[in-house]
Amino acid sequence: MFDSITGSIKNAVNKIRHKDDVASLKKAIVELKKSLLKADVHHKTTKELITAIELETKRVGIGQDSFINALKLELTKVLTTEGNQGFVYSNTPPTTILMTGLQGSGKTTTTGKLANYLKQRNKKVLVAAGDLQRLAAVEQLKQIAAQVEVDIYFDDNQTDPIAIAKAAQEKAIKEHYDVLLVDTAGRLAIDEELMTQLKNVRDAIKVDEIFYVADSLTGHDATKTASSFKEQIGIDGVILSKYDGDTKGGVALSIASQVGVPLRFIGIGEKMPDLEVFIPDRIVSRLLG
Ligand code: GDP
């Protein structure tokens, strides 16, 4: 998954030759900095990380093992934010989630994956086809809902996403659903119309959380767009899609440290079961190979 970063971190570790060799630690740190930046880790995060790793390695005593342990410790610290807890159920069901993201990020697929995840936990799930922007999105969600065997609310004659969201929530309340996942319009880039529409949907129904689906393959852009969504509509969690792809891995570190919103799940493939709760330790093990 992260062959390039894993390989270059190993190169950094190998720079340390002897115990208590300060010069070799410096070389390792320089190498590590290069590999983090190459893996799309934000420059501020990189700086904070290498400073902390150097200090911690020196504190314990310079050596390859202490360097690796410091790496694990500091990477885990960055990835661990309050709220890395997967799905949170509201005390007043239906727990309602707005699924947001840019077009192509994997938002509709992720809505299906999340529905599947919840269904497997014996929850009664309704998905709402509120992405009226992309022509095929409603059809795609119908197919996905049928595939994972959850109910879907759609209205082929409706052009107003607010009306869809309201009607879906009414149905979910009346028919005692545990969870309502509302798919929303994606755009190719952030624009004011999209944000206004999202705000209107958010304000028209009871929303417990807003999830932002970020495409890992877009690197630094994923961090930037997640920040914009946070500022403009207030997101509660990020789901990193396509983490299985040819990703450099650093995007999780950048989002955790620069956006300040907990990572909740990761998408690790195109199929419906390919969704995992985001667990910092697991990501660190993958990064370090
Ligand atoms: P939307 O426009 O944001 O709703 O995007 P889609 O849900 O249609 O997804 C766009 C493409 O990304 C599709 O081909 C999905 O199969 C693919 N995709 C979504 N999530 C993942 C993932 O975690 N891994 C991989 N490899 N592909 C994904």
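When a residue number appears, it is its place in the shown sequence, counting from 1. Order of appearance sets the numbers: ligands from 1, and atoms from 1 within every ligand. Only heavy atoms go into these numbers, but all of them, side chains included; no hydrogens, no water, no symmetry mates.
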Qualifying residue for side-chain contact (heavy atoms from CB on, under 4.5 Å) with Leu141, from Leu181, Asp183, Thr109: Asp183

As an exercise, identify every atom of ligand 1 less than 4.0 angstrom from a heavy atom of [X].
| X | result |
| --- | --- |
| Arg134 | 1 (P), 2 (O), 4 (O), 8 (O) |
| Lys113 | 20 (N), 21 (C), 22 (C), 23 (O) |
| Gly104 | 1 (P), 2 (O), 3 (O), 5 (O), 10 (C) |
| Gln140 | 6 (P), 7 (O), 8 (O) |
| Gly267 | 23 (O) |

Shortest protein heavy-atom distance from atom 28 (C) of ligand 1, along with the residue and atom involved: Lys242 CG, 3.7 Å

Nearest-neighbour protein heavy atom for atom 16 (O) of ligand 1, which is reported as residue plus atom name and distance: Glu270 OE1, 2.8 Å

Ligand 1 contact on Leu102 by region, counting heavy-atom pairs under 4.0 Å: backbone

Gln133 and ligand 1 - part of the residue with a heavy-atom distance under 4.0 Å: neither

Assigning hydrophobic clusters by single linkage (Ile, Leu, Val, Met, Phe, Trp, Tyr; side-chain heavy-atom cutoff under 4.5 Å), is [X] placed with [Y]?
| X | Y | answer |
| --- | --- | --- |
| Leu73 | Leu71 | no |
| Val60 | Ile62 | no |
| Val30 | Leu55 | no |

Evaluating non-hydrogen atoms only, which member of [options] is closest to [atom]?
| atom | options | answer |
| --- | --- | --- |
| atom 15 (C) of ligand 1 | Thr108, Thr109, Thr100, Ile268 | Thr109 |
| atom 24 (N) of ligand 1 | Thr184, Asp244, Ile266 | Asp244 |
| atom 22 (C) of ligand 1 | Gly106, Gly112, Gly269 | Gly269 |

Gly186 heavy atom under 4.0 Å from ligand 1: no

Gly101 heavy atom under 4.0 Å from ligand 1: no

Ion pair check, Glu175 and Lys124, cut-off under 4.0 Å: no

NZ/NE/NH1/NH2 to OD/OE distance under 4.0 Å, Lys44 and Glu48: no

Set of residues satisfying ring-ring contact (aromatic ring centres under 6.0 Å, His included) with respect to Tyr177, sequence neighbours excluded: none

Sequence-distant partners of Ile162, side chain to side chain contact (heavy atoms under 4.5 Å, CB included), two or more places apart: Asp160, Lys166, Asn200, Val201, Ala204

Phe265/Tyr117 aromatic ring centres below 6.0 Å: yes

